[in-house]
Enquirer: 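Got a structure here, written out as structure tokens. Questions coming.
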Amino acid sequence: MELGKVMQQVKERDAAPAEKGEGLGGQKELEEMVLKAGLCTGCGACVNICPYQASYRDKTVTLHSCDLTRGRCYDFCPRTPADLGALQRKLYDESDITPELGAMRGFFITRATDTAIRRQSQHGGTVTALITLALREGLIDAAVLAGEGEGLLPQAVTVSDPETAGRLGKSRFVVSPTVAEFNRAIRTECRQIGVVATPCQALALAKMRTQSVTATEGGIEKLQLVIGLFCGWALSWRDLSTVLKEKMDLASITGMDIPPSRYHTLEVYTRGETIRISLDEINLCVRESCHSCGDMTAEFSDLSVGSARLPEGWETARQWNQVIVRTERGLDLLELARRRGILEFKEVPGGNLEKLKAASLNKKRVAATRPSVGNGSGDSYRQAG
Amino acid sequence: MSIDNEHKEGAEVLFMGNEAIARGALEAGVRVAAGYPGTPSSEIIETLSRSAKEGSLYVEWSTNEKVAMEVAAAASFAGLRSMCVMKQNGVNVASDFLLHLTGSGTRGGMILVTCDDPGALSSVNEGESRHFARLMEIPLLEPADFQEAKEMTRWAFTLSEEIRNIVMVRSVTRMSHASGNVVLGPLPPAGGTAEFLCDGPISDPEQGPIISAPVAEKHRLQQDKVRKAVSLFEKSLFNTYTGPKKPELLVITSSACRLYTREAVSMLAAEDRVGILKLGTTWPIPPALVKRYLTATEKILIVEEVLPFLEDQVKILAAEQVRETGIKTFFGKNDGTLPTTGELNPDLVAEAIGRILGIEPKTIPAAYGEKLRMLAGLIPRREQTFCPGCPHRASYWAIREALQRDGRGGFVCGDIGCYAMACLFPAAGFYTCKTLHAMGSGIGLASGFGKLGSFGLEQPVIAVCGDSTFYHAAIPALINAIHQDANVIFIALDNSGTAMTGFQSHPGIDINAMGNASPMVDIAALCKAMGAPVVVEDPFALKETRETLNSLMEGGGGLKVLILKQSCALSPEKKGKKRYLMQVDELLCKGDACGCNRLCTRIFRCPGLLWDRNKGKAQIDEVICAGCGVCAGICPAEAIRCEEAPVS
């Protein structure tokens, strides 16, 4: 892996738009550069700030045309041009920044101590354990999560009750407009909000945090915690539904997972059995926008969580998570969890970090070199619960 | 205005052309009048309905023009005088029956009044009904002023009885909707007994069954009737000539164009050079009469709206008689002297005559022109849009938002009614209708689109249709869509009346044209009986309507019916009454900032909303606002507030 070369490509890709006039645009530019270009991630950053954009199913749509030449929709969008390096330097300690994984203060293997949480969640249940802890300890009074929706479609929800949050820990394979829900939540009485975000959603939140208060109408200061999720890609709701409908009753699905890449399958757990579908079929359902995403580990979060890789094999690894801590706040939360016995820690096996870096770099390389024709590599470091 | 009781014989009154036609029919003793509303014809039936009385005049708004003609024909078959009234494209609808009726013939005097709309001022076509007279081989009369409108209508019944066939009277917008003085004639006594004599032999026009077969025999008979009409036309006082004995230019004209020609000749001060032959009997034109005037001149200009109809007839006649009349030079539509689209006016006619005779038309003085331009600048710009409180604005809002959310490029097949404005004017803010044709064509087209799935058409297909249009022509297409299992969402925009043409009754309303209680035909029940799933929503409930639409789009295939029911803002029960008092909270209003960008005044665009440029805030125009409360539901800042209006 020629790190220097890839990073140069990434840098060029991110830097080039800045020369064209970064941050200048409104709905028209958003439509042309993102929505019509198939780059929309469905994060909802442009939704619930005005009446012109809306989230529907797993998409963001334009309802009516806005003729403002500058808008927050464009500014907040994770797919409009931005100098990501500058953004990183603004939000993170420069000495923590790594080229492959973003800011990193620590790397851990963890899982929820509570087996009930692990059962209800994905993999080690680290995210669920942390978010319920943050709510219980009053670090946040509301969490914006991708909750159960209808069928395969998750629904972004704001929860204050740790018990409820604890029940929403499954991985979603279709995006939910989490940032749209955050935009709604900041206008409510919630004062301190935590968000569990995919990389694109975390980037949108980061872009919002770096806008001036007047530009955001205030409220962004309520954002107290971002737990990022590792993400290889998300699937199109309509395409996935079409594929799964042929194989099972959608109502019977209880969960899904992707084992390490050598299995090359998506496992769908239904009430009766586990149905394995080849990733060849699933790759066709990957959202167009995911092919040009170079962020596998949600680099703009306080800490990021993904599935673990362990020498003991998948059956053990699927009980654990890998965690990248990026900020002071992230570290404090993880340490609190350790002190309270909420999380168990396991020694990080040698080579794990290097493998993660390589996988992350691979995603960057694919995105930088094949901006819109990605192969949906389906790397198994998927979002985790 | 009632045109029978208040005005006595010999009185001179100001009548709109349509009132003059109605009065002419009353003076002729019409007993049954049926029509379907359509501008510019609607006032004829409306005026007659005010004179309707049990046993002396029956008036109805029929479900469509074909039915209206059939209803009127039944009266004729039973020996009564009858008429059917429609706008130009209504004749298309009625034409299938008309073709057979002209073959079978009539008994009691029966006339077809059609009001054409050159320039399509209130239509989505510029169709001409005159050509039907030639096509169907029936006499055609065209009044050229208001007195004539009355007299000609009256005489048309006499002519019809004379030839035992239907007679067509054609008006145009500027005849029907302009007004002029009319001297009234006597009204006949009420009475007349209806009986359909049908036990005689098929060959007996008085007592036999009335059918168009045997065709060869009936067709020959029909053409004899036309020849008889022509012989009467030769002597008709409706054909007039004014001008010198040997004019330099002969203008042959009819209808409102006679008025334009007279004015044009006067503008050019060419009275001694131009002769005007005004024909009132325009199909077939009386050949001997026309030949007489052709002989007296070298140059002929034919002035008519819209297509060359008189022009063709005159030229054929001139060709046939060229040995006697000599070779002439013709001006008109074919050589481009006059346009073949749109209305004419005195200026266009003056320009044409001026060009032929080498007269410079008088131009307006510069100072006057300047004043005119200044005044024009003072006229507030008004866009064609839905009325304040119009349910269609809300319906389209929900439809547009549902389609945009769905994101598969769905579209709406439009139909005829106020709601057609969503096809034509993006200014209405939510441009969603993508096709617009004849009455009922929305669902017909949708039925076709809805079967293109196997060719890859994935766009959701929606058809809209007003309640009156539903009864008029949508039902057969709807049945087709159901039977063919077409993937269509059929939305009935039910505003409880034929709103566009002035709130005439229709089968969905419990009152008929004469103001009497009448059984209703329920759209939802009808659709359910046809086997379609039916959902009813109030379009003022924007979110519910939108969500219903989205779930219908997501659901399985086949035809689904959504009825959006909310009365027209101008309906008698709503007009002038506000449900809510609306107010804008200026502290909350975001104006043109990011987060709103004037959604209410820029996109939603209800005329009841104002944009205060100085304050940068929205306002309610209390005079215009109908108090429907819908705009409160679209304001992103919840700055538009509604409060229940006190019940007065």
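Just so we're on the same page: letters track the sequence lines, and every chain starts at 1. Heavy-atom basis, side chains included; hydrogens, waters and symmetry copies ignored.
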Enquirer: Search all heavy atoms of Tyr52(A) against all heavy atoms of Ile603(B) and return the closest pair with its distance.
Expert: CE2-CG1, 4.0 Å
Enquirer: Does Glu148(A) have any side-chain hydrogen bond (donor to acceptor under 3.5 Å, both in side chains) partners at least two apart in sequence or in another chain, and if so, which?
Expert: none
Enquirer: Check whether more than 12 heavy atoms from other residues, nucleotides or ligands sit under 6.0 Å from atom CD of Gln484(B), and answer yes or no.
Expert: yes
Enquirer: Look at Ile634(B), Asp406(B), Asn550(B), Leu403(B) and state which one has the largest set of heavy-atom pairs under 4.5 Å with chain A.
Expert: Asn550(B)
Enquirer: Residues of residues 237-246 of chain A under 4.5 Å from chain B (heavy atom pairs)?
Expert: Trp237(A), Arg238(A)
Enquirer: Would you say CZ of Arg408(B) has more than 12 non-hydrogen atoms from neighbouring residues, nucleotides or ligands within 6.0 angstrom?
Expert: yes
Enquirer: If you compare all heavy atoms of Glu554(B) against all heavy atoms of Tyr56(A), which two are closest, and at what distance to 0.1 Å?
Expert: CG-OH, 4.0 Å
Enquirer: More than 12 foreign heavy atoms under 6.0 Å from CD of Glu544(B): is that the case here?
Expert: yes
Enquirer: If every non-hydrogen atom of Cys66(A) is compared with every non-hydrogen atom of Arg602(B), which pair is closest and at what distance?
Expert: CA-NH2, 3.3 Å
Enquirer: Restricting to side chain to side chain contact (heavy atoms under 4.5 Å, CB included), what partner residues turn up for Thr254(A), sequence neighbours left out?
Expert: Tyr269(A), Arg271(A)
Enquirer: Going from CD on Glu401(B) to NE2 on His64(A), what distance comes out if it is rounded to the nearest 0.5 angstrom?
Expert: 4.0 Å
Enquirer: Within a reach of under 6.0 Å around NZ of Lys28(A), are more than 12 heavy atoms found that belong to other residues, nucleotides or ligands?
Expert: no
Enquirer: Between chain B and each of Ala54(A), Ser65(A), Cys73(A), count heavy-atom pairs under 4.5 Å; write down the option with the most.
Expert: Ser65(A)
Enquirer: In residues 592-600 of chain B, what donor-acceptor pairs under 3.5 Å come from side-chain atoms, sequence neighbours left out?
Expert:
residue, atom, partner, partner atom, Å
Asn597(B), ND2, Asp67(A), OD1, 2.9
Arg598(B), NH1, Thr601(B), OG1, 3.1

Enquirer: Can you find a heavy atom in the side chain of Leu63(A) that is under 4.5 Å from one in the side chain of Arg400(B)?
Expert: no
